[in-house]
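Before any comments, here is the structure.
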Amino acid sequence: MIMLVTIRVAVAGCTGYAGGEALRLLLGHPEVEIGAVTAKSSVGSILGDHLPNLPALADRPIVATNADNLAGHDVVILALPHGASAEIAAQLGDDVLVLDMGADFRLTSSADWEKFYGSPHAGTWPYGLPEIPGQREVLKSAKRIAIPGCYPTSVTLALAPAVANGLITDDIVVVAASGTSGAGKSAKVNLLGAEVMGSMSAYGVGGVHRHTPEMVQNLMACGAHAPKVSFTPLLAPMPRGILATCTAPLADGVDHDAVRAAYTAFYADESFVHYLPEGRWPATQSVVGSNACHVQTAVDTTTGRLVAVAAIDNLTKGTAGAAVQCLNLALGFPETLGLTDNGVAP
């Protein structure tokens, strides 16, 4: 029997959507004590001014994000803008578990980082998606973990069984809709209620979205040889959630039964990925607030393509839930501790 001990966790970037979601989940973790909550522009205020949904932390003062305030913790979760994590992480001890929910350490290719992010590459940490074959064992001994992007999480989980079993070729098309929280909490005209309500729009079209190389990297880790991913993201009029529709040509001889057998076996032992019964399709509402991913497939016999659809909550399984899942693995806790695969409905 595993002996559980209380661990002290700090959250940097606590007032953003990702940081706030991390705090919400940590409040439900039986072995966590929440320590420092840090930010930049909101220093000096209290957390209740920004996250009234967390009354247990309402009076907690927000302090500056620096090494002194993050010292003395067993775990530090970084929910900082892209490019801001490396400097802070370098000042934290090697014995501290650091989980970065930004993009700084996700990519293995410096060229891809510089092309899509336009700054020097900080390096590469173990990638925090346990469902990638072999990755769970890597994470169990890690002290630095890069939490995946939300779109790559949904796309990888939609296609991993097909790639790992050679069911599809490398010509992959992805169209994925995300809720507005995926764009962060900063005020932007295109995210105003009047702009979003009753409307959907495409953005980052033509292979320029920053999550594209991460998708390619993940599919290669699942066994793809040289995947080409055409990714079109959509902004949907909802606060949270991602619905990813992924298609690819089927390999010779692959049929409906082979697809269902492969997906069923691949996810048979996964706690958070649910391959749905035939006829039931993923919906974002079904996974809100949960660390679950719902997956469904179909074979389009007319075009000879696989259609794989995945739904996740972009703030939970797509970000903060993944961080808690990786925290559990790295510290030897049960992987599901403090997490649920039950969504909130309606």
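The shown structure was predicted, so the numbers you read here are calculated from the model rather than taken from an experiment.
In this structure, Asn328 and Thr336 approach most closely via the heavy-atom pair ND2-C, 4.1 Å. Pro282 approaches Leu243 most closely through the heavy-atom pair O-CD1, 3.7 Å. Minimum heavy-atom separation, Asp104 to Gly83: OD1-N, 2.7 Å. Here the shortest heavy-atom pairing between Thr153 and Gly149 reads OG1-O, 2.9 Å. Across Ala320 and Glu21, no two heavy atoms sit closer than the pair CB-CG, 3.6 Å. Across every non-hydrogen atom of Ala158 and Cys246, the tightest pair is CB-SG, 3.9 Å.
Taken from CG in Leu315 to CZ in Arg24, the straight-line distance is 9.0 Å, to the nearest 0.5 Å. The distance from atom CD1 of Ile145 to atom CE of Met101, rounded to the nearest 0.5 Å, is 12.5 Å. In this structure, OG1 on Thr65 lies 6.5 Å from CD1 on Ile88, to the nearest 0.5 angstrom. Distance check: Leu329 CG to Gln135 CD gives 10.0 Å after rounding to the nearest 0.5 Å. Note that CZ of Arg60 and CD1 of Ile46 are 11.5 Å apart. Values are rounded to the nearest 0.5 Å. To the nearest 0.5 Å, atoms OG1 (Thr6) and NE2 (His29) are separated by 10.0 Å.
The distance between the ring centers of His211 and Phe231 does not fall below 6.0 angstrom. Two rings, from Tyr267 and Tyr275, have their centers 6.0 Å or more apart.
Residues Leu107 and Val138 are members of separate hydrophobic clusters, defined by side-chain heavy-atom contacts under 4.5 angstrom among Ile, Leu, Val, Met, Phe, Trp and Tyr. In the hydrophobic clustering of this structure, Leu167 groups with Leu306; members are Ile, Leu, Val, Met, Phe, Trp, Tyr whose side-chain heavy atoms approach within less than 4.5 Å, directly or through other members. Linking ILVMFWY residues whenever their side-chain heavy atoms come closer than 4.5 Å, directly or via other members, leaves Leu219 and Val173 in distinct clusters.
The residue from Asp313, Thr284, Thr180 that alone fulfils the side-chain hydrogen bond (donor to acceptor under 3.5 Å, both in side chains) condition with Arg240 is Asp313. The side-chain contact (heavy atoms from CB on, under 4.5 Å) test with Val174 singles out one residue from Thr245, Thr212, Val229, and that residue is Val229. Just one of Val273, Val309, Leu276 meets the side-chain contact (heavy atoms from CB on, under 4.5 Å) condition when paired with Val295; it is Val273.
A donor-acceptor pair shorter than 3.5 Å cannot be found between the side chains of Ser178 and Asn314. Looking only at atom types and distance, the side chain of Ser109 has no donor-acceptor partner in the side chain of Gln217 under 3.5 Å away. For the 3.5 Å distance criterion, the side chains of Tyr127 and Asn218 qualify, holding a donor opposite an acceptor.
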From CA spacing to verdict: side chain to side chain contact (heavy atoms under 4.5 Å, CB included), Asp94, Arg144: CA-CA 9 Å; Asp94 293 340; Arg144 298 289 190 270; 4.3 Å; yes
Derivation of the side chain to side chain contact (heavy atoms under 4.5 Å, CB included) call for Leu57 and Leu51: CA-CA 9 Å; Leu57 298 174; Leu51 299 173; over 6 Å; no
Criterion side chain to side chain contact (heavy atoms under 4.5 Å, CB included) on Val9 and Ile34, from CA distance to verdict: CA-CA 5 Å; Val9 182; Ile34 296 174; 5.6 Å; no
Derivation of the side chain to side chain contact (heavy atoms under 4.5 Å, CB included) call for Thr316 and Ser290: CA-CA 6 Å; Thr316 315; Ser290 79; 5.6 Å; no
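Using the six-membered ring where Trp is involved, Tyr151 and Tyr203 have ring planes that are tilted, between 30° and 60° apart.
For residues 186-202, no residue pair satisfies the salt bridge (charged side-chain N to carboxylate O under 4.0 Å, His left out) rule, not counting sequence neighbours.
Ion pair Arg305/Asp300 not flagged as a salt bridge, since none of the NZ, NE, NH1 or NH2 atoms sits closer than 4.0 Å to an Asp/Glu carboxylate oxygen.
Annotation: Glu87, atom CD; neighbour count of heavy atoms from other residues, nucleotides and ligands within 6.0 Å does not exceed 12. Within 6.0 Å of atom CZ in Arg280, 12 or fewer heavy atoms from other residues, nucleotides or ligands are found, so the atom counts as exposed in its surroundings.
Proximity of a side-chain donor or acceptor of His256 to a complementary backbone N or O of Val299 within less than 3.5 Å is not detected.
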